[in-house]
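Remarks on the structure that follows.
Proteins get letters first, then strands, A, B, ... in listed order; numbering begins at 1 in each. What's counted below: heavy atoms across the whole structure, side chains too, no hydrogens, waters or symmetry copies. Remember, predicted model here, so these are calculated numbers, not experimental data.
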Amino acid sequence: MDTQWPRWEVFKQDTPHKPHQAVGSVHAADPEHALLTARNVFARRPQAVSMWVARAEDIYAWTKEEIAQSQLLQAEHDRAYSPPSSPRKYLVFRKTSHKRSMTFVDHVGEVEARTPEEALAQAQTTFTDAEALAWWVVPADKVYQTDPSPDTIESWFAPAKDKTYKQQQFYATVGSHISKHKLGRGVEDDECC
Amino acid sequence: MLAKYGVPSDPDFNQRLAEFEARIERGEKIEPGDWMPEEYRRQLIRMISQHAHSEVVGMLPEGAWITRAPTLKRKMILVAKVQDEAGHGQYLYHAAETLGISRETMLEALLSGKAKYSSIFNYPTLTWADIGTIGWLVDGAAIKNQTMLAQCSYGPYSRAMVRICAEETFHHKQGKEMVLLYAKGTPKQRQMAQDAINRWWWPALMMMGPHDKDSPNTEVLVRWGIKTKTNDQVRQEFINEHAPEILEAGLTLPDPDLRYDEATGNWLHGPINWDEFWQVVKGNGPMNKERLEARRRAHAEGAWVREALEAYATRQTAVAV
């Protein structure tokens, strides 16, 4: 029995000048619910200034291997004979490195296209500064974002900054003074750090 | 070699497998949509879903102590830690979903008792000192494993692990700090810390799983870069780090055979009671029944929240139309 809520991919922006990056997914009943859950799951710690969510079924994804298999070009060819729909805006995301990372594709820009396949083809000729290992394109009107007003950003993302006890640096000196520990002395639990 | 994993009907299987293994050899990540042997997919679903269940069930032993934390600071730390475990479960369910299994299927497997999770969470938390000891030893053992898995050849699992490791280090350090504090405290505090170490040491060593010679999955997992170290290697790393620190803190370890081996630089341990391990895995541990019941109860008692959110979403859609 399939009763689970739809899956939403989550994109997090760490600072205003960084791209939104795919961090994982959540299940939610609607966009608002998806954003709230995304905040709880992916922004328990700094940094975040904005989040986007899009339903997994609205995301078109290709890996380098899939593109190489060229089935895509055939599909694009076949589609050329069907009546064209009017162009719409797609957001384009790309992965360029196999390096250790906690994020997948980065937002690189937008293209105007009639189909997702056309959007991919345009992305490949537009964003050429690095080799793409994976592409995602998402219709722009299918992406929902957190409210960009400063008050909302503050109330959504600032609390994570104050909870310094969640950071390992808070305990940086643990273990460095074991030899100095004196036995037999009662201690208050709050004495350390 | 191939026959062992089953050669599917695909006539190009051997060539595809060779290309796949060459990619792993080059250090490339395998991503959703890329070709992979069915056995690779099956092993990953098995490992990642078990890992996700462990994070979710892992909230229970510690969550039981949130209301009894001795200070506000300790309570905030414990709340944050338990909340993290919930988040880690979410990251991992996401990674497993990219392989084609639904979250609902995984949750049903957990609630029905069909799915496995780490046997460590079927032991009870008897005193407050257990909370510090779990952070230091259980999270310490988990981090050794997860640091290794962050190198995993499957992209989504690797990324979940990198994110988890960054957060889990806080769990380890807060636990270590707490135990070290009690180790230099009153006789009663020291006794509590020692008692907790005595009870958690062996289960922590069992967390890495059976010895390599008894671990049939290890060969293929290492071959395909899912794991980059064996169970015994990870266990040795854990002991080498933790044994000297615990002893240096003036505490003892419940292993009369434990000794430092000059030749290898390793701390050698005595025999592990695998009968106990398999009993707990099979469902006969001290807390198996309670853990499962707690999960089922939480799921049932949360039903009205799910229904309310569903109703709200339906109404919003109706209004929009």
Side-chain angles (χ1 to χ4, degrees), chain A residues 1-5 7 9-10 22-30 32-33 37 40-42 44-45 56 61-66 69 95 98 100-104 133-134 163 165-175 177-179 181-193, chain B residues 26-29 31-35 70-71 73-74 76-77 80 83-84 86-87 90-91 94-95 97 102-104 107 150-151 155-156 158-160 162-163 166-167 169-170 172-174 176-178 180-187 189-190 245 248-250 306 309-310 312-314 316-317:
Chain A
M1 185 176 61
D2 185 16
T3 60
Q4 67 180 16
W5 291 322
R7 199 161 64 82
E9 291 288 348
V10 178
V23 289
S25 65
V26 295
H27 287 259
D30 58 50
E32 191 185 357
H33 181 203
T37 306
N40 291 341
V41 173
F42 294 104
R44 292 192 307 284
R45 286 174 177 74
W62 298 269
T63 64
K64 187 181 153 193
E65 184 181 294
E66 287 174 298
Q69 282 166 359
K95 179 195 157 150
H98 285 295
R100 178 188 168 97
S101 171
M102 60 174 84
T103 61
F104 187 34
L133 302 171
K163 296 176 181 171
Y165 55 86
K166 291 186 186 182
Q167 307 298 331
Q168 55 168 301
Q169 295 88 328
F170 190 78
Y171 308 91
T173 58
V174 166
H177 307 295
I178 295 178
S179 58
H181 289 183
K182 293 198 171 54
L183 297 176
R185 184 171 60 95
V187 286
E188 293 298 321
D189 190 86
D190 275 329
E191 183 186 316
C192 197
C193 57
Chain B
R26 287 197 297 271
E28 295 183 14
K29 295 281 183 236
E31 297 293 351
D34 287 344
W35 186 89
T71 67
K73 186 188 86 174
R74 292 289 178 204
M76 291 196 305
I77 290 171
Q83 193 183 38
D84 277 349
Q90 300 291 319
Y91 306 161
H94 158 77
E97 284 175 306
S102 78
R103 190 168 300 210
E104 190 170 43
L107 285 181
Q151 310 292 329
S158 156
R159 290 189 285 274
V162 174
R163 188 172 290 279
E167 301 184 354
T169 307
F170 140 63
H172 184 234
K173 288 199 169 184
Q174 62 83 34
K176 180 175 172 183
E177 183 235 17
M178 203 194 299
L180 291 180
L181 188 69
Y182 297 152
K184 65 171 185 174
T186 63
Q189 286 172 319
R190 290 208 304 278
E245 288 193 324
E248 202 180 335
R306 298 194 294 276
L309 279 163
E310 187 85 49
Y312 178 78
T314 308
Q316 293 301 104
T317 311

Quick one: pull up [atom1] in [X] and [atom2] in [Y] and give me the separation to the nearest 0.5 Å.
| X | Y | atom1 | atom2 | result |
| --- | --- | --- | --- | --- |
| A/Phe170 | B/Ile77 | CZ | CD1 | 6.0 Å |
| A/Asp30 | B/Gln316 | CG | CD | 7.0 Å |
| B/Lys29 | A/His98 | NZ | NE2 | 9.0 Å |
| A/Glu32 | B/Tyr312 | CD | OH | 4.5 Å |
| B/Gln90 | A/Asn40 | CD | CG | 10.0 Å |
| B/Asp34 | A/Gln69 | CG | CD | 8.5 Å |

Kindly give the heavy-atom pair with the smallest separation between [X] and [Y], and that separation in Å.
| X | Y | value |
| --- | --- | --- |
| B/Phe170 | A/Gln167 | CB-C, 4.4 Å |
| B/His94 | A/Ser25 | ND1-OG, 2.6 Å |
| A/Tyr165 | B/Met76 | CE1-O, 3.4 Å |

Self-check item: Selection from A/His33, A/Arg44, A/Lys166 maximising heavy-atom pairs under 4.5 Å formed with chain B
Solution: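 The option with the most such pairs is A/Arg44.
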Quiz item: Most heavy-atom pairs under 4.5 angstrom with chain B, which of A/Ala134, A/Ala29, A/Ser101?
Solution: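 Looking at each option in turn, the highest pair count goes to A/Ser101.
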Quiz prompt | Option that, when pairs with chain A are counted at under 4.5 Å, heavy atom only, ranks first among B/Gln83, B/His172, B/Glu310, B/Glu167 | solution =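 That would be B/Glu167.
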Contact part of [X] toward chain A, heavy-atom cut-off under 4.5 Å: side chain, backbone, both or neither?
| X | answer |
| --- | --- |
| B/Thr314 | neither |
| B/Ala166 | both |
| B/Arg306 | both |
| B/Gln151 | side chain |

Do [X] side-chain atoms and [Y] backbone N/O form a donor-acceptor pair below 3.5 Å?
| X | Y | answer |
| --- | --- | --- |
| A/Gln168 | B/Lys173 | no |
| B/Tyr91 | A/Val41 | yes |
| A/Gln4 | B/Glu104 | yes |

Quiz prompt | Verdict with supporting geometry, A/Tyr171 and B/Lys176, side chain to side chain contact (heavy atoms under 4.5 Å, CB included) | solution = CA-CA 9 Å; A/Tyr171 308 91; B/Lys176 180 175 172 183; over 6 Å; no
Quiz item: Given a strict heavy-atom distance threshold of 4.5 Å, which part of A/Lys95 is in contact with chain B: side chain, backbone, both, or neither?
Solution: side chain
Quiz prompt | Segment of A/Thr103 engaging chain B (4.5 angstrom heavy-atom cut-off) | solution = both
Quiz prompt | B/Glu97: partners by salt bridge (Lys or Arg N to Asp or Glu O under 4.0 Å), with sequence neighbours left out | solution = B/Arg103
